[in-house]
Peer 1: 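One structure, as structure tokens, below. Some questions next.
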Amino acid sequence: RVHGLLRNVKGTIADADWDAIVLAAIEVHNKAGRPKAADKYVAQLLSTSAIVSALIACDKLKSAYLEAVKVRSVDEIRRIRAAAFATNADRVVALCDKYLATAGSGGGVGPA
């Protein structure tokens, strides 16, 4: 059903609205315990921020990190670092700290 709805509205709404609808679908699938179903919608997102949000929601922090690095988004790296810190994903925290240190923003201990 969701796929049909998305197919019907694609191209008829603004990109930000599209991302909001797709993110809502991802959230519904995650809450229903269907992470694989949620995961398939990530590729339909348009903005980096929405992609990062979806990957964080799907607990794919390293993928979120790689997406943010592709576009050199320090703000997204900080957001991913905070999510990684909250879930004890130490490897991703370390990756974020290293990136932030080289970007001149500093890493540090605790949420950024």
Side-chain angles (χ1 to χ4, degrees):
R1 287 189 219 180
V2 174
H3 184 69
L5 170 68
L6 291 175
R7 190 175 50 243
N8 288 335
V9 299
K10 183 151 178 108
T12 64
I13 58 176
D15 288 354
D17 294 334
W18 171 259
D19 280 349
I21 291 169
V22 175
L23 280 170
I26 290 169
E27 185 177 325
V28 167
H29 283 297
N30 274 336
K31 285 184 179 179
R34 296 187 303 263
K36 286 183 181 179
D39 203 27
K40 73 179 182 180
Y41 291 105
V42 174
Q44 296 184 36
L45 293 164
L46 303 173
S47 74
T48 299
S49 180
I51 293 167
V52 168
S53 292
L55 291 169
I56 289 171
C58 292
D59 200 30
K60 295 193 169 205
L61 299 175
K62 187 171 181 184
S63 294
Y65 168 81
L66 293 172
E67 189 67 35
V69 166
K70 248 195 284 188
V71 295
R72 298 180 178 158
S73 176
V74 171
D75 290 339
E76 294 300 340
I77 298 290
R78 286 185 186 130
R79 193 159 64 101
I80 295 159
R81 187 197 182 284
F85 184 81
T87 59
N88 296 317
D90 296 335
R91 292 175 118 185
V92 177
V93 170
L95 286 170
C96 292
D97 284 345
K98 185 176 179 179
Y99 182 90
L100 292 169
T102 61
S105 301
V109 177

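Only a predicted model underlies this, so the values are computations on that prediction, with no experimental measurement involved. All heavy atoms count here, side chains included; hydrogens, waters and symmetry mates do not. Positions are given from 1 along the sequence.
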Peer 1: Using a 3.5 Å distance criterion without hydrogens, assess whether the side chain of W18 forms a donor-acceptor pair with backbone atoms of V9.
Peer 2: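 It does not hold such a pair.
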Peer 1: Enter the distance from Q44:CD to I26:CD1 here, rounded to the nearest 0.5 Å.
Peer 2: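 Separation between the atoms: 8.5 Å.
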Peer 1: May I ask you to test the K60-V42 pair for a side-chain heavy-atom distance under 4.5 Å?
Peer 2: no
Peer 1: Taking the six-membered ring for Trp, are Y65 and Y99 parallel (under 30°), tilted (30 to 60°) or perpendicular (over 60°)?
Peer 2: perpendicular
Peer 1: Which one of R34, K36, K40 satisfies the side chain to side chain donor-acceptor pair (under 3.5 Å) criterion with H29?
Peer 2: R34
Peer 1: Carefully, step by step, assess V22 and D19 under the rule side chain to side chain contact (heavy atoms under 4.5 Å, CB included).
Peer 2: CA-CA 5 Å; V22 175; D19 280 349; 5.5 Å; no
Peer 1: For the CD atom of E27 and the SG atom of C58, what is their distance to the nearest 0.5 Å?
Peer 2: 11.0 Å
Peer 1: Should I51 and V71 be counted in the same cluster of Ile, Leu, Val, Met, Phe, Trp and Tyr side chains packed under 4.5 Å apart?
Peer 2: no
Peer 1: L23, L46: one ILVMFWY side-chain cluster at the under-4.5 Å cut-off?
Peer 2: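 The answer is yes; both residues are in one hydrophobic cluster.
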Peer 1: Can you tell me how far the CZ atom of R81 sits from the CD1 atom of I77, to the nearest 0.5 Å?
Peer 2: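 So the gap between those two atoms works out to 11.5 Å.
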Peer 1: Quick one: do the R79 and S73 side chains pair a donor with an acceptor below 3.5 Å?
Peer 2: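 Looking only at side-chain atoms, S73 and R79 do not form any donor-acceptor pair under 3.5 Å.
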Peer 1: For V69 and L95, run side chain to side chain contact (heavy atoms under 4.5 Å, CB included): C-alpha distance rounded to whole Å, both residues' side-chain angles, the deciding distance at 0.1 Å, then the answer.
Peer 2: CA-CA 10 Å; V69 166; L95 286 170; over 6 Å; no
Peer 1: Side-chain contact test, heavy atoms from C-beta onward, threshold under 4.5 Å: evaluate it for L61 versus L55 and give yes or no.
Peer 2: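 Of all side-chain heavy-atom pairs linking L55 with L61, none is under 4.5 Å.
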Peer 1: Would you please name every residue forming a salt bridge (charged side-chain N to carboxylate O under 4.0 Å, His left out) with D15, sequence neighbours left out?
Peer 2: none
Peer 1: For a side chain to side chain contact (heavy atoms under 4.5 Å, CB included) check, start with the C-alpha distance between V92 and T87, then their side-chain angles and the critical distance, and finish with the verdict.
Peer 2: CA-CA 10 Å; V92 177; T87 59; over 6 Å; no
